[in-house]
Structure formats: structure tokens, C-alpha cells
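These notes are about the structure you will find just below.
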Amino acid sequence: MIEKISHFIAYHPKIILTVATLLLIPCFFGYINMQINYDIMSYLPEDLDSVKGEVILDEVFGNSANAFLVIEDMPSKDVAAVKEKVAAVNGVKSVTWTDTFADISIPQSMLPDVVKNIFYSTDGNATMMMVQFENGSSSEITMQAIKDIKSLMNKQCFLSGMSAIMADTRDLVETEAPIYIAIAVALALIALSFTMESWILPFVLLLALGYAVIYNMGTNLTGSISYITQSIAAILQLGVTMDYSVFLMDRYDEELLKASDRKEAMSRAIFKTFVSLVGSSMTTVFGFLALCFMSFTLGLDIGIVMSKGVILGVLSVVIVLPSMLLMFHTPIHRFRHKPLIPKFDGLAAFSVKHRKVIAAVFLILIVPSIVMKNNANIYYDFEKALPQDMSSVASLSKLKTDFNMATTHFVIIDEDIPSRDVSKMVNEFEQVDGISTVLSLNSFVGSAIPEDIIPDSVKEICQKGGYRLMMINSVYGPATDSGNAQIDTLLDILHKYDENGYITGEGALAKDLVTVTDRDFKITSIISIAAIFVLIAICFKSISIPVILVASIELAILINEAISFITGAEVPFIAPTVIGCVQLGATVDYAILMTTRYREELRSGKDKTQAVKDAATASCRSIFQSALVFFCATFGVYLVCNVMLVKSICAMLARGAVISALIIMICLPAILCICEKLIEKTTFNWKKGDKIREN
């Protein structure tokens with residue numbers, strides 16, 4: 001069956017290329033109609049209390065999408081005019097300011113303390129209003145509303161809050177994303193041009209993979225992906241699937257020497273590389289699929305897109321690329337040059353000669369790497385993931401310093417809780433360390449005033465749909481130890497009066513994010529290691545080989561994460577999980593390639609020392625080229641990216657490719673040589689059987 005398909009592809013390149021090009025059209029429209037989700041918290045599990053509270057906040061109070069507008073040195077009547085203009089913006093549900101509760105003619109000094117503490121800065125020179133939107137934080141209507149609000153602002157106005165930060169994030173990502181791809185492609189072209197024997201071939205290989213990228217990004221059936229996935233998907237797909245193109249091209253050149261014409265050579269090349277490409281790609285696919293088991297479903301988002309991308313990459317290599325190679329055969333082979341790849345025979349000899357020392361260093365590095373990796377500085381605050389000069393982030397610093405609003409908590413309780421109990425609850429909330437203000441209906445009217453005489457416009461802000469809502473401002477930032485401890489204390493107080501009450505908002509969501517992702521990292525790490533272990537065990541029919549190969553890449557991952565500790569770099573929470581799965585799945589191929597070649601050399605009758613030297617010398621060329629392309633693609637993004645979360649992931653991926661390559665090129669030959677007897681005893685037909693076909 002595969003042979004017939006290979007023959008059809010090779011002998012009908014124009015038909016294949018025409019169909020492949022036509023398929024780009026629906027994928028292009030699928031891509032431009034795809035929604036990008038900038039709300040990372042929306043990926044938290046729905047069964048968390050903080051998420052349940054967020055749903056109530058959204059569906060009942062319409063308050064999950066909000067922003068804070070700070071206005072400096074402006075008379076009250078002018079502030080009121082700005083408020084009216086903001087309230088008239090399409091997509092804005094309501095704007096809450098002091099005139100919601102009292103006449104603006106009342107002097108600021110005579111306003112209730114709770115109003116002054118909430119709506120005026122500590123020095124009294126700035127005021128703040130809360131803007132509620134009708135739709136979700138990342139919806140198009142809300143994004144446009146924020147843009148319209150900014151058009152009404154002058155130098156005295158500052159807009160912040162999660163919705164404003166998401167809007168600025170979207171503008172930044174939309175501006176930079178095309179640059180990421182351009183830089184990655186340009187650097188990959190440079191790397192390939194100097195490491196391949198043709199000046200034209202790199203363009204053809206990248207063009208074929210470009211088809212795969214468009215197919216992948218245009219077939220996301222969920223209709224939306226996260227901005228993190230959008231930022232790194234194309235670069236990762238390029239980096240991890242380039243190997244497959246090189247494998248096919250190398251086999252094609254080999255078959256050209258044996259076949260009667262180029263079409264027959266291509267048919268043979270496709271047939272002989274298909275199985276090995278599928279097997280090789282499975283480790284990468286399993287690495288990405290492990291992310292799908294995260295309860296924080298951002299992992300599912302990245303995992304599905306990237307595993308699909310690898311599969312489509314393989315299909316493009318065996319279907320689209322052969323047609324392009326045949327079409328551009330003449331210029332590819334006309335414009336040839338000597339590749340600038342170093343010889344690795346000296347490195348292989350060094351590794352084998354000093355194998356005991358290298359193996360000892362390998363083992364010694366494990367413990368300190370684990371310790372440093374576990375003590376790396378992980379952050380969960382999305383403010384740190386963005387440029388500090390971004391307008392919404394700069395405005396957020398004003399909320400922190402001028403209004404003591406580092407974080408805002410929303411407390412949701414049953415409306416049947418007696419007013420006197422609510423007053424007691426509020427008093428206890430106010431006594432908690434780090435709480436600056438508590439805003440509730442009782443804060444304005446007290447427990448003695450009947451609620452039926454309160455105007456509906458005021459009551460609906462704090463009481464609606466069977467729930468009461470109060471807002472608590474904290475001087476502690478989200479995802480900090482003090483902030484998380486504060487939320488625990490607030491929950492203890494809340495559940496004394498309403499055991500079914502909720503605390504939500506950025507702080508509570510970030511606290512749950514810490515717990516969820518810590519558990520997710522352990523789960524995905526175990527799943528990815530187990531899946532790839534089993535795959536390697538089946539491939540080699542061995543128990544010891546998967547231990548050696550997985551341990552080699554795991555050490556590279558540990559060293560990669562330990563470097564973050566050594567340099568003092570802050571690492572975003574999602575990076576260790578992504579790195580753990582992606583670096584393992586994408587670079588364990590290096591180890592498989594060398595081990596397969598080592599087995600071939602042993603089966604040809606060589607002793608273990610010569611076999612491992614020859615295997616390392618032959619394999620290091622491919623490993624070097626693959627790691628170089630992966631490094632260039634991801635490091636290029638690191639250089640130009642201003643979204644720190646994406647920047648950190650790309651930096652660690654680039655570093656990880658280099659570390660994995662070095663571990664395999666230096667350490668693995670030594671370990672294979674030392675463990676030869678163990679491998680032979682624990683591997684079925686290790687030195688027997690037919691010689692393995694070369695890739």
C-alpha cells in the first residue's frame with residue numbers, strides 16, 4: 001500500500017502540488033477566522049471555587065470583564081463628563097464613580113470614608129472609576145470598547161485592569177507575531193544554507209514546511225487558540241519537523257545513484273523513509289500529547305495544535321516536499337557548495353577515550369541539577385510577562401501606589417445572609433493584614449437601614465440574582481506568598497458566615513493556578529516519560545536502552561531549568577511544563593538516531609569501541625544540523641519578543657536544543673560503550689538480525 005502511494009506521489013508531482021496549493025485556500029480562511037484567546041485564566045478547571053465565582057460574577061453581575069480608569073488633577077464636573085462619555089461607549093455596561101453614591105457637589109472631605117478610600121488616591125489628587133463591560137474580557141466588542149475609551153483619554157487619564165491588559169497584549173502580539181515567524185525563517189535559512197550542500201534546497205524545504213504550518217493553523221476545529229500557542233506554534237513546528245525533510249532529501253540523493261531516473265529515486269526514497277519518519281515523529285507527538293493531560297487546559301490547547309502540527313509536518317514531507325524536490329531538481333543540484341559543518345571524529349574519540357570520567361560527570365550533575373531546578377524562581381503574575389512600559393501595566397502601578405490596589409478580590413455570598421452578619425463579616429475582612437478597603441452595600445447604608453428604601457441603581461451594584469457582592473482591595477500582589485495567605489484568611493472568615501460563598505478575582509484565580517499547575521507539571525512529566533519510554537522499549541525491544549536515552553534527555557532538561565536558577569532568571573509558570581514535554585519529545589530523536597546507528601555498526605561486526613566512535617561521528621552531523629535549526633528558530637524569537645512569557649519559553653527551548661545535543665554528542669557515546677554488556681543482556685537480538693536501514 002505504502003509502495004503504491006509512494007509511486008503515485010513521485011510520478012504525479014504537478015497534481016500533488018496543485019491539490020496541496022488549493023488546500024491552502026480553506027486553511028487560510030480558517031486561520032484568519034480563528035479567535036485568539038488572551039484570557040489565560042479561562043483555561044483553569046471549571047470545578048474550582050474561584051472559577052465558579054467568576055461565572056457568577058460574569059453571568060449575574062456582569063462584572064468579570066472590567067477596567068479601572070484613573071484620572072489625575074481634574075475637577076469633579078470634568079471627571080463626571082468623562083464618565084458620561086465612557087458610559088456611552090458601545091460595549092460598556094456601567095461606570096461606577098462617587099456620583100453613583102453621592103452628589104458631586106458634596107466636597108471630597110465630606111464623603112464617607114469608604115467612598116474616599118475606594119475612589120480617591122491617598123493624596124487626593126487622583127480619582128478612579130470602575131468600568132464594567134457587557135461582554136467577556138477578550139471578546140471583540142470589549143477590545144473595541146477599550147480602544148474607544150482610550151480615544152477619549154488625555155494625558156491625565158490612565159486605563160488599567162485585566163481587560164485593558166488583555167487589549168494591550170493583543171495589540172503587542174498581533175504586531176510582533178509576524179516578526180517572530182520572519183526572524184525564525186530567516187535564521188533557519190541561514191543555518192540550513194551553510195550546513196547543506198545546496199543554496200536552493202533550504203528555500204524548498206522551508207516552503208514545504210510552510211504548507212504544513214498553514215494547514216495546521218487553519219484546521220483548529222475549536223475555533224480559538226491561546227495567544228501563547230499562536231506565538232510559538234509555527235516556530236516550534238518548524239524547529240521539530242525540519243529533521244524529517246532532511247531525512248527524505250538525504251535518502252533521495254542516495255537513491256539517485258541507484259535508480260534509473262529521478263522519479264523512481266523519489267518513489268524509493270518516500271517508501272524507505274516513511275516508516276522511519278512515522279516512528280521518529282511519534283516521540284515528538286507523544287511529548288506534545290502529554291500536555292493534553294493538564295487540568296489547566298492551556299496545555300490541551302498547545303498539545304493539540306502542536307501534535308497535529310507534527311503529524312501534518314510528516315505528511316507534508318512525504319507528500320508535498322517530494323513534488324517540490326522534483327520540480328526544483330535542476331536548480332537544487334546546480335547551485336551546490338561545500339557545507340560548513342565541522343567533523344566530529346575528534347569529539348567521538350574524546351568521548352570514548354574518557355568515557356569513565358564523562359559517565360561520572362553525567363551522574364554527578366543529576367543531584368545538583370534537581371536541587372537548582374526545584375529552587376528556580378517561578379512567577380504566576382501576568383504583569384511580569386508584559387513590558388513594564390505598556391500603558392495598562394504602567395497604569396496598574398498607579399493603582400498600586402496611589403490607591404493601594406495591588407489586587408482586587410470579589411466576594412460573593414447568599415443574599416439571605418442577615419445584614420448584621422454581613423456587617424460582622426466586613427469588619428473581620430477589614431482587620432486582615434494587607435486589606436486596604438472593603439466595599440459592600442452595608443458599607444454605605446449600615447445594617448440598620450432597610451434595604452427596600454435603597455435606590456435600585458445602587459442596590460444592583462452589590463446585590464442581584466440571589467447573591468450579594470463585595471469588593472476587597474489588597475496591597476498584596478497576586479500569586480505572592482502574602483497574597484495567597486491573605487486569601488486563605490479571607491476564605492476562613494467567609495465560610496464562617498456562608499459556607500457556600502466564593503472569593504474570586506485575579507488573586508484567587510492566580511492562587512488556584514499555582515496549585516493546579518504544580519500538580520499538572522508532575523502528571524505531564526510522568527506521562528511524557530512513560531509514553532516515550534514505552535515507545536523506545538518497543539522500538540529497540542529493550543529495557544535498558546529506554547532508561548539510558550530518557551535519562552540523557554531528562555538530564556539535559558534538568559540542566560536547562562537549573563541554568564535559570566544559576567542566572568537568577570524568573571521563569572513563567574507554564575515554561576517548566578512545556579519544556580519538560582517538548583524538549584524530551586523533540587530531542588530524544590537525537591539519542592535514538594545515535595543508538596540506532598550504534599546497533600548497525602555492532603551488527604556489521606565491529607567491536608564496541610570502534611562501533612560507538614563510528615556511530616557518533618556519523619550521527620553528530622545530523623544532530624548538529626537539527627539542533628542548530630531548532631536553536632535558530634527559537635532564539636530568533638527570544639531576541640525580538642517583548643512578551644516575557646513567550647520570550648522565556650523560546651529562550652529555554654533554544655537553550656534546551658543545544659544542551660540536549662551536547663549531552664547526546666558527548667555523554668551518550670561514553671554511556672553506550674560502558675553499558676554495552678548490560679544492553680546486550682536486556683535487549684532482544686541486540687547484535688543479531690538484519691542490518692537496520694539507514695534513514
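In this text the structure is predicted, and so the values were computed from the model without any measurement.
One finds a salt bridge joining Glu255 and Lys272 here, because a Lys/Arg side-chain nitrogen approaches an Asp/Glu carboxylate oxygen to under 4.0 Å. Look at Asp345 and Lys613 and you find no salt bridge, because none of the NZ, NE, NH1 or NH2 atoms lies under 4.0 Å from a carboxylate O.
In this structure, Lys338 has no salt bridge (Lys or Arg N to Asp or Glu O under 4.0 Å) partners at least two apart in sequence or on a different chain. Partners of Tyr227 by side chain to side chain donor-acceptor pair (under 3.5 Å), not counting sequence neighbours: none found.
Without hydrogens or angle criteria, Ser660 side chain to Gly656 main chain gives a donor-acceptor distance under 3.5 Å. Checking side-chain atoms of Asn37 against main-chain N and O of Ile225 turns up no donor-acceptor pair under 3.5 Å. Between the side chain of Arg334 and the backbone N or O of Pro331 there is no donor-acceptor pair closer than 3.5 Å.
Within the 4.5 Å cutoff, side-chain heavy atoms of Leu201 are placed close to those of Leu325. Contact annotation: the side chain of Trp686 approaches that of Glu676 to within less than 4.5 Å [non-hydrogen atoms, C-beta and beyond].
The aromatic rings of Trp199 and His337 sit parallel, their planes meeting at an angle under 30°, below the 60° perpendicular limit.
Between the side chains of Thr241 and Gln237, no donor N or O sits under 3.5 Å from an acceptor N or O. Residues Tyr211 and Thr21 bring a donor and an acceptor atom of their side chains to less than 3.5 Å of each other.
When ring centroids are compared, Phe635 and Tyr638 come within the 6.0 Å threshold.
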